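I have placed the structure first, in the form of structure tokens, so that the comments after it can refer back to it.
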Amino acid sequence: ATPAELLHLGIGDLLEQLRARYDFVLIDCPPVLGFADSTAIANFADGVVLVVRSGFTDRQHVAASLRQLRAARANLLGITLNQVEKRHGAYYYYEYSHYYGEEDASHEPESE
């Protein structure tokens, strides 16, 4: 059996047991492109959040990942942009830096 087939054999039962015990169950999966596991698990999940690395993940790969998740009928809840750096835009840095304890979050964003 392939890893994807093994996944289908027990993931549904496991998730039902976890749902009975916990309010939220988070599953961290490999990248959508190139791995069957992510779309297979997406079918069992209540929702999917696609994580995109700022300044690294190509837009075409994001679009292809979204197409693949839609084809799998995944319930896409949203996209998270992580590892945003100040050099990628003052607005994003200003708006979210207070969550990370940055001291200079109290000033207005600089225009670029």
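Atoms considered below: every heavy atom in the structure, side chains included; atoms not considered: hydrogens, waters and symmetry mates. This structure is a prediction, so every number in the text was calculated from the model and none was measured. One is the number of the first residue; the rest follow in order along the sequence.
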(message) Show the nearest heavy-atom pair for residues R53 and L81, with the distance to one decimal.
(response) C-CD1, 4.3 Å
(message) Is there a path of hydrophobic side-chain contacts, each under 4.5 Å between heavy atoms of I/L/V/M/F/W/Y residues, joining F44 to Y22?
(response) yes
(message) Applying the side-chain contact (heavy atoms from CB on, under 4.5 Å) criterion to D37, which one of P31, P30, C29 satisfies it?
(response) P30
(request) Hey, could you give me the CG/CG distance between D23 and L18, rounded to the nearest 0.5 Å? (result) 12.5 Å
(message) To the closest 0.5 Å, what do you measure between CD1 (I27) and CG (L14)?
(response) 7.5 Å
Side-chain donor-acceptor pairs of residues 59-72 under 3.5 Å, sequence neighbours excluded:
{"unit_1": "S65", "atom_1": "OG", "unit_2": "H61", "atom_2": "O", "d": "2.8"}
{"unit_1": "Q68", "atom_1": "NE2", "unit_2": "V32", "atom_2": "O", "d": "3.2"}

(request) Measure the CG-CG distance between D28 and L26 for me, rounded to the nearest 0.5 Å. (result) 9.0 Å
